[in-house]
Amino acid sequence: MRDEQNGHNPALTELRRRLDDGLARMRLNKTLLAGRAGLGRTTVSEAFQADGPVPSAQTVAALARALDLPVQELLALQRDAARGGGGERPGPGRLIGEWEPHDLEVHPAGHSKVVDGSDAPGVRVLSGYVRRDHDQVLAEAVRDVAVGRSRIVVLVGTSSTGKTRACWEAVQPLADRGWRLWHPFDPTRAEAALEDLHHVQPRTVVWLNEAQHYLGNRAAGEQIAAAVHHLLVTPERGPVLVLGTLWPEYAHQYTTLPAPGGDDPHSRVRELLAGRTLTIPDSFDAPALAAAAALAEGGDRLLADTLTRAHTDGRITQDLAGAPELLTRYQHASPAAKALLETAMDARRLGVGLHLPQAFLTDAAIDYLSQTDYDQLTDDWAETAFAELAKQVHGKQAPLRRTTPRAPRRPPTPSTASAPPSPQQVGPVFRLADYLEEHGRTTRRRLCPPASFWYAAHACLTHPDDLANLTRAAQVRHRLQWAHHLRHRAAETGDAFALLRLAVMREEAGDREGAEALARQAARA
């Protein structure tokens with residue numbers, strides 16, 4: 001052991017100085033400190049003893065927490081002291097606690113929050129975390145590496161199912177133990193991994209998010225797989241934890257056996273992944289939804305918000321990841337695409353159904369454009385705008401996507417058993433992303449749609465409920481002529497309430513015969 005009093009181990013000297021200062025500030029003796037830190041009296045004494053050995057990382061972490069000292073700073077001193085205090089260059093990566101999760105490609109769940117009265121940039125926030133079955137497997141891997149056994153786990157799941165967030169949550173217990181995390185990405189992911197995998201030190205998390213960029217690289221993928229395998233099976237280099245994520249199509253590509261006599265471009269990758277992949281489900285099951293609801297009730301506004309949209313299909317993580325991107329796409333959309341989105345927002349908030357006809361959206365969007373933007377429209381503007389809005393963001397969501405309504409499957413009744421199937425909507429129909437629909441209800445609630453909206457509704461919409469809802473919306477917004485015409489259109493499609501209202505109007509006008517005919521139609525409807 002080097003003698004720090006002679007200056008040969010300045011890191012250990014600084015570590016003990018900080019512990020002494022903390023002990024004095026807290027006005028504790030070593031016996032009380034031992035009880036507060038959950039350590040033995042001898043262990044605590046040796047940590048403060050001038051000629052004692054370098055205390056373990058676990059001891060330093062426990063003492064730092066008990067003395068309200070910065071854990072990560074003291075652990076860095078402990079590691080430097082354990083190397084002799086000479087400040088040798090550590091392996092690649094930095095302390096887990098020094099990472100910001102979004103820098104590790106954890107999808108933001110909301111936009112930046114700026115502290116009131118501060119000019120500092122906003123901090124992107126994360127929702128509360130709901131643990132599921134795969135988290136238990138990750139926790140077991142973390143427990144294994146904590147006791148000295150190297151492990152690798154590669155999470156497999158579709159876009160925005162929570163793979164990277166699960167890895168981030170899993171490594172948190174290692175942060176207080178002084179572990180480092182290395183995310184190779186510069187100059188490219190594959191080049192960084194290939195260059196420095198042989199320099200990884202024990203107690204390091206190797207972060208291979210989007211592992212296809214490493215393992216699927218044509219030039220270096222097999223070498224990277226071999227280097228990772230060597231790191232895992234060499235005892236003196238461990239313990240290390242290798243965490244990766246893959247989409248299912250990549251996992252299938254890398255693990256499928258080649259045809260006899262054919263090329264085998266992923267043999268080392270296949271060997272590395274064998275028995276080491278973990279599938280994440282696309283959606284929350286009932287227990288996970290209940291846990292998310294409990295967090296929402298406890299004040300988690302992000303989860304509360306997403307549960308209003310995704311509680312039926314359980315695609316919680318996709319909604320959390322996609323919502324900020326959807327809003328960004330709306331804000332940065334071309335004028336024509338933004339006009340289509342605002343048309344769809346207004347249609348949904350005023351009562352039009354989920355499935356919005358393309359002809360309606362196209363005709364209605366015209367007056368949402370400024371004269372300058374309208375003058376610059378090309379002949380294919382609608383096709384281009386719909387294509388722009390069909391591009392997906394995280395979670396396989398698109399701002400405005402084409403959809404195919406399913407035909408209703410109801411038990412037959414005496415009046416419908418022999419009737420032909422109901423006609424389907426003519427022409428393509430589109431569905432607005434749930435998040436943008438909710439955004440529109442909030443931000444556009446005081447706005448009245450322009451004339452092209454009402455014109456297109458009268459000309460293109462055929463569903464009785466849509467027309468009836470828009471009739472009421474036009475009336476309360478004092479668009480009385482449009483309300484009159486829309487009511488007649490609703491009556492033509494068989495809406496009972498529209499027919500009844502027209503019957504009352506006929507009666508008030510003195511046309512009892514016409515009123516009776518309309519009333520009979522309403523009764524049949």
Side-chain angles (χ1 to χ4, degrees), residues 92 105 132-138 140-142 144-145 149-164 166-167 170 182-200 204-283 315 317-318 391-392 394-396:
E105 299 166 340
R132 295 182 278 168
D133 290 344
H134 56 269
D135 293 293
Q136 299 178 15
V137 179
L138 285 169
E140 291 173 4
V142 168
D144 282 347
V145 300
R149 294 190 291 269
S150 293
R151 289 286 305 275
I152 175 175
V153 180
V154 177
L155 300 186
V156 178
T158 55
S159 173
S160 303
T161 48
K163 303 182 296 295
T164 313
C167 292
W182 174 48
H183 177 30
F185 59 85
D186 183 36
T188 68
R189 300 190 194 216
E191 290 175 298
L194 197 60
E195 179 178 352
D196 269 346
L197 268 169
H198 296 291
H199 299 138
V200 171
T204 299
V205 176
V206 179
W207 192 267
L208 302 182
N209 194 52
E210 302 287 356
Q212 69 273 11
H213 297 300
Y214 305 97
L215 304 178
N217 184 275
R218 293 184 178 182
E222 289 288 88
Q223 297 178 64
I224 292 172
V228 171
H229 182 261
H230 183 269
L231 175 63
L232 293 169
V233 300
T234 307
E236 58 269 23
R237 299 192 62 193
V240 296
L241 175 61
V242 181
L243 292 177
T245 66
L246 279 174
W247 285 9
E249 50 265 41
Y250 291 117
H252 177 75
Q253 175 185 346
Y254 302 152
T255 57
T256 299
L257 290 172
D263 292 336
D264 191 4
H266 304 298
S267 62
R268 297 306 302 268
V269 177
R270 185 170 62 253
E271 294 167 3
L272 180 67
L273 296 181
R276 289 161 168 163
T277 59
L278 176 62
T279 300
I280 288 189
D282 285 349
S283 59
R315 294 171 65 84
T317 55
Q318 293 91 332
K391 294 178 181 178
Q392 294 182 345
H394 298 312
K396 296 185 177 180

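No hydrogens, no waters, no symmetry mates; every other heavy atom, side chains included, goes into these values.
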**Q** Got a sec, which residues hit ring pair (Phe, Tyr, Trp, His ring centres under 6.0 Å) with Tyr214, two or more places apart in sequence or on another chain?
**A**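 Tyr214: no ring pair (Phe, Tyr, Trp, His ring centres under 6.0 Å) contacts found.
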**Q** Rounded to the nearest 0.5 Å, how far apart are CG of Leu241 and CG of Leu232?
**A**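 With rounding to 0.5 Å, CG (Leu241) is 9.0 Å from CG (Leu232).
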**Q** With sequence neighbours excluded, tell me which residues meet side chain to side chain donor-acceptor pair (under 3.5 Å) with Glu195.
**A**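 By the side chain to side chain donor-acceptor pair (under 3.5 Å) rule, Glu195 matches no residue at all.
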**Q** Measure the NE2-CD1 distance between His229 and Ile152 for me, rounded to the nearest 0.5 Å.
**A**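 Separation between the atoms: 9.5 Å.
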**Q** Salt bridge (Lys or Arg N to Asp or Glu O under 4.0 Å): which pairs involve residues 239-265, sequence neighbours left out?
**A**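 Residue pairs with at least one partner in residues 239-265: Asp264-Arg270.
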**Q** Would you please name every residue forming a salt bridge (Lys or Arg N to Asp or Glu O under 4.0 Å) with Arg149, sequence neighbours left out?
**A**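 By the salt bridge (Lys or Arg N to Asp or Glu O under 4.0 Å) rule, Arg149 matches Asp144.
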**Q** Please name all residues satisfying side-chain contact (heavy atoms from CB on, under 4.5 Å) with His230, sequence neighbours left out, ordered by chain then number.
**A**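 His230 satisfies side-chain contact (heavy atoms from CB on, under 4.5 Å) with Thr234, Arg237 only.
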**Q** Would you say that Leu215 contacts Leu273 through its side chain, given a criterion of any heavy-atom pair below 4.5 Å between the two side chains?
**A**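 A side-chain contact under 4.5 Å exists here.
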**Q** Ring pair (Phe, Tyr, Trp, His ring centres under 6.0 Å) with Phe185: which residues, sequence neighbours excluded?
**A**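 Ring pair (Phe, Tyr, Trp, His ring centres under 6.0 Å) check on Phe185 returns His183.
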**Q** Ala227: which residues meet the side-chain contact (heavy atoms from CB on, under 4.5 Å) condition with it, sequence neighbours left out?
**A**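 Applying side-chain contact (heavy atoms from CB on, under 4.5 Å) to Ala227 gives Leu197, His198.
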**Q** Where do Val153 and Ala141 come nearest, in terms of heavy atoms and distance?
**A**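 What the structure gives for the nearest pair is CG2-CB, 3.9 Å.
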**Q** Within the 4.5 Å heavy-atom criterion, are Leu208 and Pro184 side-chain neighbours or not?
**A**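 Yes. Closest side-chain heavy atoms under 4.5 Å.
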**Q** Calculate, to the nearest 0.5 Å, the distance between atoms CD1 and CG belonging to Ile280 and Leu246 respectively.
**A**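 So the CD1 of Ile280 and the CG of Leu246 are separated by 11.5 Å.
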**Q** Nearest 0.5 Å please: distance from the CD1 atom of Ile224 over to the CG atom of Leu272.
**A**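 Reported value, rounded in 0.5 Å steps: 11.0 Å.
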**Q** What do you reckon, is NE2 of His213 surrounded by more than 12 foreign heavy atoms closer than 6.0 Å?
**A**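 Result for NE2/His213: enclosed.
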**Q** State, yes or no, whether a side-chain contact exists between Arg132 and Pro281 at a heavy-atom distance under 4.5 Å.
**A**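 Yes, close enough: below the 4.5 Å cut-off.
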**Q** Can you check whether Ser160's main-chain N or O pairs, donor with acceptor, with Thr317's side chain at less than 3.5 Å?
**A**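 Yes, the answer is positive, given that a donor and an acceptor are paired below the 3.5 Å cut-off.
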**Q** Kindly write out the residues that satisfy ring pair (Phe, Tyr, Trp, His ring centres under 6.0 Å) with His134, not counting sequence neighbours, or none if the list is empty.
**A**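 Ring pair (Phe, Tyr, Trp, His ring centres under 6.0 Å) check on His134 returns nothing, list empty.
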**Q** Please enumerate all residues that pass side-chain contact (heavy atoms from CB on, under 4.5 Å) together with Gln223, with sequence neighbours excluded.
**A**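 Residues passing side-chain contact (heavy atoms from CB on, under 4.5 Å) with Gln223: Leu194.
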**Q** What distance do Arg218 atom CZ and His266 atom NE2 have between them, rounded to the nearest 0.5 Å?
**A**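 Here the rounded value is 9.0 Å.
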**Q** I need the minimum non-hydrogen distance between Leu138 and Cys167, along with the two atoms involved.
**A**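 Result for this residue pair: CD1-N, 4.4 Å.
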**Q** Apply side-chain contact (heavy atoms from CB on, under 4.5 Å) to residues Gln253 and Trp247 and explain how you reach the verdict.
**A** CA-CA 10 Å; Gln253 175 185 346; Trp247 285 9; over 6 Å; no
**Q** Could you work out, with side-chain contact (heavy atoms from CB on, under 4.5 Å) as the rule, every residue matching Asp282, not counting sequence neighbours?
**A**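 Asp282 satisfies side-chain contact (heavy atoms from CB on, under 4.5 Å) with Thr158, Thr161, Arg315, Gln318 only.
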**Q** Might you work through the side-chain contact (heavy atoms from CB on, under 4.5 Å) test for Trp207 and Thr164, ending with a clear yes or no?
**A** CA-CA 10 Å; Trp207 192 267; Thr164 313; 3.7 Å; yes
**Q** Glu105: which residues meet the side chain to side chain donor-acceptor pair (under 3.5 Å) condition with it, sequence neighbours left out?
**A**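 Arg189, Asn209.
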**Q** Where is the tightest heavy-atom contact between Ala190 and Ala220, given as atom of each residue plus distance?
**A**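 Heavy atoms of Ala190 and Ala220 come nearest at CB-CB, 4.5 Å.
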**Q** Restricting to side chain to side chain donor-acceptor pair (under 3.5 Å), what partner residues turn up for Ser283, sequence neighbours left out?
**A**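 Here no residue qualifies.
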**Q** For residues Val240 and Val145, determine if any side-chain heavy atom of one lies less than 4.5 Å from a side-chain heavy atom of the other.
**A**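 Of all side-chain heavy-atom pairs linking Val145 with Val240, none is under 4.5 Å.
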**Q** Between CH2 of Trp182 and CG of Asp196, what distance do you get to the nearest 0.5 Å?
**A**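 Interatomic distance, Trp182 CH2 to Asp196 CG, rounded to 0.5 Å: 5.0 Å.
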